[in-house]
> 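Here you go, one structure.
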Number of protein chains: 2
Amino acid sequence: MAKSRNTEQKIFDAATELFLEKGVDRTSVREIASKAGINLALMNYYFRSKENLFDAIFSQLVKQNSAELIRILDSDLELTEKIHQYVNVYIDMLSENPLLVSFVMAIIHRSRERITEMKAISNLYATDQFTRQLIEEAKKGNIRPTDPTHFFVDMLSLIAFPFAIKMLVMDKNNISEKEFQLFIQERKKHVPELLIDSLRPR
Amino acid sequence: MAKSRNTEQKIFDAATELFLEKGVDRTSVREIASKAGINLALMNYYFRSKENLFDAIFSQLVKQNSAELIRILDSDLELTEKIHQYVNVYIDMLSENPLLVSFVMAIIHRSRERITEMKAISNLYATDQFTRQLIEEAKKGNIRPTDPTHFFVDMLSLIAFPFAIKMLVMDKNNISEKEFQLFIQERKKHVPELLIDSLRPR
DNA sequence: ATTTCGTTTTAAACGCTGTTTAAAACGATT
DNA sequence: AATCGTTTTAAACAGCGTTTAAAACGAAAT
């Protein structure tokens, strides 16, 4: 048997499912092959390595999700509305996509070697319009002068880090998965408030 | 030759150095044994596993560092002063201890199975006094009513996450290691300001 | 001084991992 | 029906963390 053109897709799908379920490191290539119903070596035939397979899955996932975030950052929305939308969409994204969260964590974990992949998820490289806005609004006196780098790092931190320490928050507050999701939902209001508040002229 | 009671210490030291240098995952047990000048199997004789060795190094590191943070949280310091001190000490700690940062990231990465180790670093379990303070100050009208959980998660996020995306920040702003350290130093002022500002009654 | 006994060290192997190899099977083209 | 590039296969590779069983050792007991 040969030329079943969906072999590549079968590997891709099986790996995606297993990576989500057990994490990248704890998923073996033999397991992926078994789940996909293919020979072990085919994984290396289609993707050159397991790392490469991970990248393929990851960048597809990012492409699906980051477009909207960049669109928001680049838009003409008023500053506070833009912050609201960005935070809301980003939190929803991470909240609905556990695979994305664990992939982001895996990449951050070996961040020294994986800057390229990090760029894609960070939107840090689409902040020109946003930065301009921060500076101009400050010039007009609508907000207090604000360092754009710190502000953007703050925003990313407040959005993403809680997902990283999810298990910790659940354990400490003795809450369930569902209740954690509620906690995250609260942050869609809380984080923009905090950020916008810090911009208010004194 | 036998009974050289410092064999355990030699393994511990060699592993610490290598873990810092190349990360836990990319350091093999054979490499540790070679650097320590001991037989491969001795690593499993003294520590039961590589994971165990990691834990031993990690918890020693945490013990050295977290005591002061807990002391600050439990102190009678005035709220704003407490926030200042906590943020400053924590940022200094992470900034002077790259090993701690990469260990924290390694543990967060496999957070599902490692809650115990996470507890140790989070200080999330020493927040009783701090929580009480937030509630009482709000009752007195000195600060606006604030959810303690969100506030503490905010604080941790703003302190820790920037270290996780260090490479990203450096690449995006085209800055050196030294300049990143400066950026971090700025946050010792910026983060407390942001947090305390959010407590101001409206 | 020799035997005994628990501790420490050793070399070799185990089962697992990701990856490579070389040959086989296959389908379309000639 | 033969050819040729693509796809699939079984088997092996080198590396990993870990285990095994025997050896080497030092101190205590005879």
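Both backbone and side-chain heavy atoms feed into the values below; hydrogens, waters and symmetry mates do not. Each chain gets a letter, A, B and so on, in the order the sequences are listed, and its residues count up from 1.
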> Which one, D/dT20, C/dT19, D/dT18, comes nearest to the side chain of B/Ala41?
D/dT20

> Where the side chain of B/Thr7 is defined as all heavy atoms beyond and including C-beta, which of C/dT9, C/dT20, C/dT10 is the nearest nucleotide?
C/dT9

> Looking at D/dT8, C/dT8, C/dT10, which one has an atom nearest to any side-chain atom of A/Tyr45?
D/dT8

> For A/Phe163 and A/Leu100, run side-chain contact (heavy atoms from CB on, under 4.5 Å): C-alpha distance rounded to whole Å, both residues' side-chain angles, the deciding distance at 0.1 Å, then the answer.
CA-CA 11 Å; A/Phe163 287 95; A/Leu100 191 56; over 6 Å; no

> Which heavy atom in B/Val87 sits nearest to a heavy atom in B/Arg187, and how many Å separate them?
CG1-O, 4.4 Å

> Taking only the side-chain heavy atoms of B/Ser49 (C-beta and beyond), determine which of D/dT19, D/dT18, C/dT20 contains the nearest atom.
D/dT18

> In whole angstrom, give the distance that lies between atom CD1 of A/Ile38 and atom C1' of D/dT6.
16 Å

> Can you list, in residue-number order, the parts of residues 27-34 of chain A that come under 4.0 Å of DNA chain D, counting heavy atoms only?
A/Arg30

> Search all heavy atoms of A/Ile32 against all heavy atoms of A/Ala14 and return the closest pair with its distance.
O-CB, 4.0 Å

> Does one side chain, of A/Gln129 or A/Asp74, offer a donor that lies under 3.5 Å from an acceptor on the other?
no

> In terms of side-chain heavy atoms, does A/Glu179 have a donor or acceptor partner in A/Ser176 at a distance below 3.5 Å?
yes

> When the C1' atoms of the five terminal pairs at each end define the local axes, what inter-axis angle does the helix from C/dA1-D/dT30 to C/dT30-D/dA1 show, to 10 degrees?
30°

> Step by step, work out the ring pair (Phe, Tyr, Trp, His ring centres under 6.0 Å) result for A/Phe54 and A/Phe103.
CA-CA 9 Å; A/Phe54 172 83; A/Phe103 276 18; 4.8 Å; yes

> Do you see a donor-acceptor pair shorter than 3.5 Å between the side chains of B/Glu81 and B/Gln85?
yes

> Contact between A/Asp147 and B/Phe183 at the side-chain level, heavy atoms closer than 4.5 Å - yes or no?
no

